[in-house]
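As the structure is a prediction and not an experimental result, all values here were calculated from the model.
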Amino acid sequence: MSINITFPDGNQKSFDAPVTGLAIAQAISPGLAKKAALVSVNGELWDLARPIEADAAISIITRDKPEALETIRHDAAHVMAQAVQELYPGTQITFGPSTETGFYYDFARAEPFTEGDLEQIEQRMRQIVKRDLPITREVWSHADAVRHFEAAGETFKAEWIRDGLQDRMLTIYRQGDQWLDLCLGPHLPSTGRLGTAFKLTKVSGAYWRGDASKAQLQRIYGLAFATEDELKAHLKMIEEAEKRDHRKLGRTLDLFHLQEEAIGQVFWHPKGWALYRALEDYVRRQLDAAGYQEVRTPMLVDRQLWEDSGHWANYRRNMFIAEVDEGEIAGQQRRSVLAVKPMNCPCHVQIFRQGTRSYRDLPLRMAEFGACHRYEPSGALHGLMRVRGFVQDDAHIFCTEAQISSETVAFCDLLKRMYRDLGFDDVSVKFSDRPDNRAGEDAIWDRAEDALRKAVEQTGLPYTLNPGEGAFYGPKLEFVLRDAIGRDWQCGTLQVDFVLPERLDAGYVAEDGSRHRPVMLHRAILGSFERFIGILIENFAGAFPLWLAPVQAVVAPIVSDADSYASRVCDALRQAGLRVEADLRNEKINYKIREHASQKIPVIVVVGRKEAEEGTVTLRFRGQERQQTLPLAEAVAILQGSGPNTDLAA
RNA sequence: GCCGGAAUAGCUCAGUCGGUAGAGCGACUGAUUCGUAAUCAGUAGGUCGCAGGUUCGAUUCCUGUUUCCGGCACCA
């Protein structure tokens, strides 16, 4: 019997059935067969050796294609699993998927793997690649699979098949004669095809099926690419990311520190705080211009309010509690229980509730640089990125349901503009709609989701749907920015809330005199100042644009004869509103330049005898060989004129 | 919170097979006045994270603990 195979270019060819992808590739050219990794059969990725029994549209996927990369990585996981089981008998296999840059495999073994073991495992992997073991697909019955893995002592695998896969036929991939794993595939034809562009990177703990109440497994991570060059490029990127680490730069640029007595909270040094203030001033100006009203609410609030808001029931384990003995009142010991606020929203509702609100007051945009504290799990803490005490650029928009859409559009525009000013052009949105467990009627959800979707579409930001990931109280948008080295950070958010106004009894009087609940939009653009500054540090590698730089200019005299002139220049710049220092140390100009350049100061103002006599300064901009000598007044004007919208900063 | 690793001078790190430690940079002092990425010389600086244990003796070995690092889980 013969079947028709259709190629991507529309050509057809008939083959004797069954035929394999490999045979077809071979028929086209031996070169193609050599480069082939997979075959796409009617849009599905298949192993090259899997028999094609009926007419099909196929294309040969070579190893340089993105679809092949995932398979290369998945193969690497299997090769590693085999290497581990050869080296450490008794180790059980569980799961081992590909990741964005490579792969991992989770093992069950009593003894911990050490970093040193990784080298050995990697050696063995290379050996298995060299053995070029054929990788073959088999179809087993459910019962056979359970029997096999139980007999092999693979309890995790057996449990998964028994409980997770019900009564199905299963695919098994065999690597060589002995080693096999349950897997959907597809895989490369043999271990030799994996290539050599992989590297084991780290070992860590991981939970069985991602569940903290289940067994802890050991996860070994690796990188894998199609070519050595890609692997090298990736290793270089990692190195670059390490150089930019905000914890490291925070120390070398003297921005902040953290210490044991206040874990998860930041000690901002003068330079870090200057950066913080520059950012805060900028955000405040933007919010003022966008029609927000800034408020300030208490840090310590009685338990009662948190019970009313629902936080006590749902968020208690993340809240810091302060208890105070109020002494005897009417013969009774009185104790107050206060919570340090983890969020600002309940307090903002309290301000909203003062007096009677009219529909004319809406939308009411209430902003606060709210200092919040959350008891984050110790293992989650990470420099500025995840802290226990932080300040949000928080605001709540009280509005009518009809205003959700226009407020969302206005918010997205504001956010886009601010991200651009801060150096981020690549922004995307994750749209999370109704979860299974939710409050509020479906009709309201329909309208709210609709309003958000239309608003996002109107702003032109690319968005992806996160089905069912919304909060129980309403749908939300999450804004993700991409930094200079391609990493994504979720920062901004906008969440519709139907529930809190109800719980805390916020209301307004409508045109017809009836009382209504406002809708609340929780929104933030930076998220938290701490984390956002961490992102800024890494994005700019500490080389901040002039308007954000903690020290914008350093005045460096060449000889001590110019010291007094340098001081005058420094004063003039400071009076002009610049953050400037004078370096009058008894050092050579080379030394000063080197030091301030490595401190990433945007402008070094060099003054020697010549400048002192002429009343000029020589400006040396960071990263530029070019320098210019000009009258002091002109230099002041140039430096003063730089803000978020000028590119002098670059 | 869980698994693994680490903790030595302000910073980066070396070292002690158990006899209380060393470098570079930085700091300080002196000399040098030198025009665009490191001038020279000298000096000071450490309860070797904390608490126990073993030992004649612990920074080193053991136990506990804290914090940090890498993941996992968490991020209503």
Query - B:rC56 versus B:rG70 - spacing of their C1' atoms, nearest Å - result: 42 Å
**Report entry** B:rC68 to B:rU63 separation - P atoms, rounded to the nearest Å
**Finding:** 23 Å
Query - Distance in angstrom units between A:Ile220 CD1 and B:rG5 P, rounded - result: 14 Å
Query raised in the report: Between A:Gln85 and A:Glu154, do the side chains contain an N or O donor and an N or O acceptor separated by less than 3.5 Å?
Result: yes
Report task. Please measure how far the P atom in B:rG19 lies from the corresponding atom in B:rG57, and state the result in whole Å. Result -> 14 Å
**Report entry** Base B:rG26 paired with A:Glu595 side chain (donor-acceptor, <3.5 Å)
**Finding:** no
Query raised in the report: Can you find a side chain N or O atom of A:Asn590 that sits less than 4.0 Å from OP1 or OP2 on B:rU36?
Result: no
Donor-acceptor pairs are to be reported for all side-chain atoms of residues 534-541 of chain A against protein atoms at under 3.5 Å, with residues two or more places apart or in another chain.
residue, atom, partner, partner atom, Å
A:Glu538, OE1, A:Arg487, NH1, 3.1
A:Glu538, OE1, A:Arg487, NH2, 3.0
A:Glu538, OE2, A:His246, N, 2.8
A:Glu538, OE2, A:His246, ND1, 2.8
A:Asn539, OD1, A:Ala484, N, 2.7

Requested in this report: Would you mind telling me which residue lines up with the more 5' stretch of RNA chain B, A:Val606 or A:Phe113, judged by nearest nucleotide?
Outcome: A:Phe113
**Report entry** A:Gln599 CD - B:rG26 P separation (whole Å)
**Finding:** 13 Å
Query raised in the report: Side chain of A:Arg353, backbone of A:Ala506: donor and acceptor closer than 3.5 Å?
Result: no
Query raised in the report: Nearest-Å distance, CG (A:Asp117) to P (B:rG5)?
Result: 11 Å
Query raised in the report: Under a 3.5 Å cut-off for both distances, is B:rA73 Watson-Crick or wobble paired, and to whom?
Result: none
Query - A:Glu611 and A:Thr618 side chains, donor-acceptor separation under 3.5 Å - result: yes
Query - A:Met385 atom CE, neighbour heavy-atom count above 12 within 6.0 Å - result: yes
Query raised in the report: Which is true for A:Glu115 with a 4.0 Å heavy-atom rule: it touches a base, it touches only sugar-phosphate, or it touches nothing?
Result: nothing
Report task. Under a 3.5 Å limit for both distances, which nucleotide forms a Watson-Crick or G-U wobble pair with B:rC68, could you say? Result -> B:rG5
Query - Spacing between A:Lys592 atom NZ and B:rU39 atom C1', to the nearest angstrom - result: 13 Å
**Report entry** Spacing of the P atoms in B:rC11 and B:rG26 (rounded, Å)
**Finding:** 15 Å
Report summary line: From NZ of A:Lys610 across to P of B:rU36 the rounded distance in Å is 12 Å
Requested in this report: Between A:Gln218 and A:Gly608, name the one whose nearest nucleotide on RNA chain B is closer to the 5' end.
Outcome: A:Gln218
Report task. Pick out which of A:Gln495, A:Arg503, A:His522, A:Glu502 makes a side-chain hydrogen bond (donor to acceptor under 3.5 Å, both in side chains) with A:Tyr473. Result -> A:Gln495
Query raised in the report: Can you tell me how far P in B:rU59 sits from the matching atom in B:rC48, rounded to whole Å?
Result: 6 Å
Query - Distance, P atom - from B:rA58 to B:rG18, rounded to whole angstrom - result: 13 Å
Requested in this report: Tell me what A:Ile593 touches on the nucleic acid: a base, only sugar-phosphate, or nothing, going by heavy atoms under 4.0 Å.
Outcome: base
**Report entry** Span that lies between the C1' atom of B:rC17 and that of B:rC61, in whole angstrom
**Finding:** 11 Å
Query raised in the report: Taking the side chain from A:Arg73 and the backbone from A:Glu100, do they hold a donor-acceptor pair closer than 3.5 Å?
Result: yes
Query raised in the report: For every nucleotide of nucleotides 68-76 of chain B, 5' to 3': is a protein heavy atom under 4.0 Å from its base (B), only from its sugar-phosphate (S), or from neither (-)?
Result: SSBBBBBBB
Requested in this report: Just name whichever nucleotide pairs with B:rU43, Watson-Crick or G-U, keeping both distances under 3.5 Å, else none.
Outcome: B:rA27
Query - Nucleotide B:rC25, atom C1' - distance to CD of A:Glu587 in whole Å - result: 13 Å
Requested in this report: Starting from C1' on B:rA31, measure out to NZ on A:Lys588 and report it in whole angstrom.
Outcome: 13 Å
Query raised in the report: What nucleic acid atoms does A:Thr618 come within less than 4.0 Å of, heavy atoms only: base, sugar-phosphate, or nothing?
Result: base
Query raised in the report: B:rG49 and B:rA14: how far apart are their P atoms, nearest whole angstrom?
Result: 14 Å
Query raised in the report: Do other residues, nucleotides or ligands put more than 12 heavy atoms under 6.0 Å from the CG atom of A:Asp211?
Result: yes
Query raised in the report: Hey, are A:Thr297 and A:Gln350 close enough side-chain-wise for a donor-acceptor pair under 3.5 Å?
Result: no
Query raised in the report: If pairing requires Watson-Crick or G-U wobble contacts with both distances under 3.5 Å, which nucleotide is the partner of B:rA51?
Result: B:rU63
Report task. If B:rA21 has a Watson-Crick or G-U wobble mate with both distances under 3.5 Å, name it; if not, just say none. Result -> none
Report summary line: Whole-Å distance, A:Glu261 CD to B:rU65 P, equals 19 Å
Requested in this report: Have a look at A:Arg585 and say if it touches a base, only the backbone sugar-phosphate, or nothing, with a 4.0 Å heavy-atom cut-off.
Outcome: sugar-phosphate
Query - Short side-chain N/O contact to B:rC25 OP1/OP2 from A:Arg594, under 4.0 Å - result: no
